[in-house]
Amino acid sequence: MNEVVSYELHDGIADVLIDNPPVNATSHAVRAGLDEAVRRFGGDADAKAMVVRCAGKTFVAGADIKEFGRPALPPPLPDVLKAIDHCDKPIVAAVHGTVLGGGFEVALACHYRVAAADARFGFPEVKLGLVPGAGGTQRGVRLAGLADTITLITEGKPISASKAEAMGLVDEVAQGDLVEAARAFARRLVAEGKGPRRAGDLPMPTDDPDLFDKARKSLGREMRGQEAPMKALEAIRLGYEMDFESALVREYEMCKEMIAAPQSRALRHIFAAEREVVKVPGLSADVAPRDIKRAGVIGLGVMGRGIVMAIAAAGIPVTAVAADADHLAAAQKAITKMLSSTVDKGRLKQDEMDRRLERIQWSVAIEDLADADLVIEAVTEDIAIKREVFAALGKATRPGTILASNTSFLDIEALAKASQRSEDTCGMHFFNPAHIMRLLENVRAAGTAPDVVATIMAFGKTIGKLPVLSGVCEGFIVNRMLSKRSREAFFLVEEGAAPAAIDNVLVDYGFPMGPLALGDLAGLDVQAAARASRKDSATARELRADFPEQLVAAGRLGQKTGSGWYSYDENRKASANEDTTRMIAAHAERHGLTLRDIGDQEVRERLLFAMVNEGAKILDEGVASRPQDIDVAMVNGLGWPAYTGGPMFWADQLGLDHVLRTIERFQDEQGAGYWTPSPLLVRLAEEGKGFYG
Ligand code: CAA
């Protein structure tokens with residue numbers, strides 16, 4: 001056929017093989033080849049049935065994302081699938097790996113589906129800001145019914161082959177060899193005289209407006225701000241409003257409109273950026289990662305426990321070292337309890353929990369880390385204590401063992417010096433809860449060896465994290481940018497913005513919560529301690545905006561004490577707190593401040609542009625080597641809404657000229673100490689460029 005689609009005849013069965021690495025996406029060559037294959041099959045009198053399958057590790061995993069945004073070369077996928085659908089001899093899809101998006105649609109347009117037992121099926125389009133565009137909504141709903149189709153398409157989560165079979169989306173799950181099973185299936189069809197069975201000929205399931213209403217409500221909550229899930233409901237509904245063929249035409253139009261829309265562009269940017277950040281610029285592919293057969297974690301507080309769980313879950317033996325027997329017992333109890341509760345919820349099998357626990361070797365002796373290949377330090381955030389631990393680790397472990405600190409803002413260079421093994425020392429900053437949060441900020445210090453960088457990036461992926469590389473600076477990427485947002489939030493409170501108004505602006509923008517509610521969640525004592533550690537470098541105004549300290553002094557530490565900026569009921573539901581209003585008024589009076597009305601636009605721009613400007617500085621200083629590192633880190637570490645593309649991508653969409661002018665206005669109003677535009681931002685705005693060129 002062509003270089004990616006081949007056609008062969010075996011015993012009266014046409015064998016069509018798609019071979020388009022890495023994921024067999026429906027690029028132009030695949031569409032053209034498949035189209036030609038169907039035509040050839042139609043005219044091949046010796047071919048009685050056809051099997052469509054893929055080479056490599058997966059069936060077609062979707063449309064070729066790289067082609068989005070470029071003029072689509074014919075034939076479009078819906079036309080190819082129409083040709084498959086209308087073929088008058090039976091076509092069987094033999095699917096394995098990830099059968100996603102356009103790939104799932106190829107399979108659904110085939111008349112029958114045989115799946116490998118470990119195949120996964122899904123419509124991830126909503127995650128790219130899209131709806132299925134090649135019949136997925138219409139064939140899907142006719143085969144699987146309304147409720148399951150709504151879930152499958154609006155949530156975008158994959159399902160197993162057995163579940164797909166139970167839903168009516170798969171005809172047979174192959175027990176042995178997939179290709180053999182699919183050919184046998186095709187031969188049976190021929191022998192039994194069975195022709196094509198088209199999903200489009202099936203009736204629509206009975207309409208159920210309640211199901212749509214319920215879905216609309218839950219999507220409004222769970223996927224707030226995102227356009228695609230609601231559009232997906234509209235696309236499914238097309239089947240009730242028009243005939244099958246017209247619904248396919250409209251569904252494709254909807255998909256094309258969405259490809260051009262800002263949310264999809266932003267989500268596709270994040271998809272590509274997440275794959276880019278794991279590749280470290282300048283790190284040669286020849287640099288082999290070190291072998292990590294056993295890991296160690298020292299310090300078993302909340303973070304250490306989460307890290308131990310993440311490592312054990314990935315199948316890697318881990319030595320967990322606590323300061324003393326009491327801390328060790330507490331950590332053992334806490335980890336066992338967390339795993340048990342996952343088992344109780346049905347999300348983990350008991351035998352897997354047992355295996356994870358068996359992988360953990362408990363100890364109170366640093367010497368027990370002697371056989372570890374990588375040790376992650378997660379002791380108290382105090383540079384003096386960490387220095388001692390690194391000095392001890394430098395002696396207790398053999399040269400070549402990687403020594404990584406989980407610090408969120410302390411100086412890795414100082415720890416490298418203390419360990420006397422700077423080539424082995426680095427940062428691995430996990431986010432709380434460490435066994436759940438995807439982001440891992442790996443930190444390269446000046447002396448960190450290249451193969452250590454390669455190892456921590458690879459190890460991050462092995463334990464299911466999304467590793468981003470940062471250079472050394474206070475707070476690295478995420479916390480450094482976050483600290484500017486927190487500072488601005490406290491200043492806004494001092495100037496008269498109500499806490500709920502501040503938080504609501506960011507929730508409306510798409511963050512899961514605003515800066516003050518986040519302080520309540522993380523603990524105001526933690527925030528006050530972080531402020532205390534930086535007080536020597538703080539300005540008078542930063543010291544004056546001491547709201548965390550005031551709240552802590554009043555015993556209001558946040559959610560954990562039922563009161564902080566907000567009051568919390570027993571279900572941790574927040575409500576306004578009158579004491580907060582009084583605290584702000586008293587603060588203003590004490591310092592002679594005049595409160596003013598502050599509009600939402602000012603709140604939004606000050607909170608978000610403070611981060612964009614800091615991001616530009618981080619980029620300019622080389623702390624992050626690419627804007628992608630910042631966008632991915634902020635989306636996955638701070639909940640910056642992915643559908644805006646992250647701070648740097650979003651700023652580009654606004655236009656850096658506009659961003660710069662606004663920052664310059666804040667500089668005039670608030671003072672250069674807080675709002676000096678990054679030199680990079682100035683340069684790019686002058687050149688009419690964006691962070692992405
Ligand atoms: N188009 C183009 N390239 C793709 C791609 C796609 N749909 N999916 C993955 N790739 C590329 C990745 O960019 C990556 O490239 P590099 O090696 O150059 O970085 C490579 O394939 C491997 O991808 P991963 O690193 O993600 O590999 P993995 O094994 O971890 O995951 C996967 C494989 C599950 C298929 C994952 O890549 C994935 O989820 N892909 C996206 C699937 C998707 O969203 N499909 C729907 C597309 S939209 C659509 O289909 C709608 C329509 O009909 C119009």
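Counting starts at 1 for both ligands and their atoms, following the listed order. Starting from 1, each residue takes its place in the sequence as its number.
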* Asked: Is the closest N or O pair between Phe68 and ligand 1 shorter than 3.5 Å?
  -> no
* To do: Pick whichever of Gly62, Ala63, Ser27 has a heavy atom sitting closest to atom 7 (N) of ligand 1.
  => Ala63
* **Heavy atoms of other groups near Arg31 CZ, more than 12 under 6.0 Å** => yes
* Examine Val23 against ligand 1 and note whether any of their N/O atoms are separated by less than 3.5 Å. => no
* Asked: Does ligand 1 have any atom that is closer than 4.0 Å to a heavy atom of Phe271?
  -> yes
* Structure fact -> of all protein heavy atoms, closest to atom 39 (O) of ligand 1 is Leu100 CD1, 3.9 Å
* Asked: Is the shortest N/O to N/O distance between Ala61 and ligand 1 below 3.5 Å?
  -> yes
* To do: Output yes when Asp207 and Arg237 qualify as a salt bridge under the 4.0 Å nitrogen-oxygen rule, no when they do not.
  => yes
* In the protein, which heavy atom is nearest to atom 54 (C) of ligand 1, and how far is it? -> Cys255 SG, 3.7 Å
* **Protein heavy atom at shortest distance from atom 28 (P) of ligand 1** => Lys57 NZ, 4.0 Å
* In the protein, what heavy atom is nearest to atom 1 (N) of ligand 1, and what distance, to one decimal place, separates them? -> Ile65 N, 2.9 Å
* Structure fact -> Test salt bridge (charged side-chain N to carboxylate O under 4.0 Å, His left out), reference Arg250, set Glu234, Glu245, Glu257, output is Glu257
* For atom 50 (O) of ligand 1, state whether the nearest protein heavy atom is under 4.0 Å away. => yes
* **Geometric N/O contact Ala25 with ligand 1, under 3.5 angstrom** => no
* Do any N or O atoms from the side chain of Glu441 and from the backbone of Ala633 form a donor-acceptor pair under 3.5 angstrom? -> no
* Structure fact -> A student checking ligand 1 against Lys66 at a 4.0 Å heavy-atom cut-off should list atoms 2 (C), 3 (N)
* To do: May I ask whether atom 21 (O) of ligand 1 is less than 4.0 Å from at least one protein heavy atom?
  => yes
* Asked: Is NZ or CZ of Arg275 both nearer than 6.0 Å to the six-membered ring centre of Phe271 and within 45° of the ring axis?
  -> yes
* Structure fact -> Closest non-hydrogen atoms of Asp652 and Tyr692, given as atom of the first, atom of the second and distance, are OD2-N, 2.9 Å
* **Part of Ala134 within contact of ligand 1 (heavy atoms, under 4.0 Å)** => neither
* Considering residues, nucleotides and ligands other than Lys82, do more than 12 of their heavy atoms fall under 6.0 Å from its NZ? -> no
* Asked: Using 4.0 Å as the upper bound for N to carboxylate O, is an ion pair formed by Lys293 and Asp373?
  -> no
* Hey, is Thr58 one of the residues with a heavy atom under 4.0 angstrom from ligand 1? -> no
* Can you tell me if His96 uses its side chain to pair, donor with acceptor, with the backbone of Ala115 under 3.5 Å? -> no
* To do: Number the atoms of ligand 1 from 1 as they appear, then name those within less than 4.0 Å of a heavy atom of Lys279, with their elements.
  => 16 (P), 18 (O), 19 (O)
* **Glu352 and Arg356 ion-paired at < 4.0 Å** => yes
* Asked: Tell me, which protein residue and heavy-atom name are nearest atom 32 (C) of ligand 1, and how many Å apart are they?
  -> Thr98 OG1, 4.4 Å
* Answer yes or no: does atom NZ of Lys127 have more than 12 heavy-atom neighbours from other residues, nucleotides or ligands under 6.0 Å? => yes
* Residue pair Pro90 / Phe41: nearest heavy atoms and the distance that separates them -> O-CZ, 3.8 Å
* Subset of ligand 1 atoms that lie under 4.0 Å from at least one heavy atom of Pro124 -> 43 (C), 44 (O), 45 (N), 46 (C)
* Of the listed options (Glu251, Glu274, Arg275), which comes nearest to atom 36 (C) of ligand 1 when hydrogens are ignored and any heavy atom counts? -> Arg275
* Asked: What's the shortest distance from atom 15 (O) of ligand 1 to any protein heavy atom, and which residue and atom give it?
  -> Pro22 CG, 4.5 Å
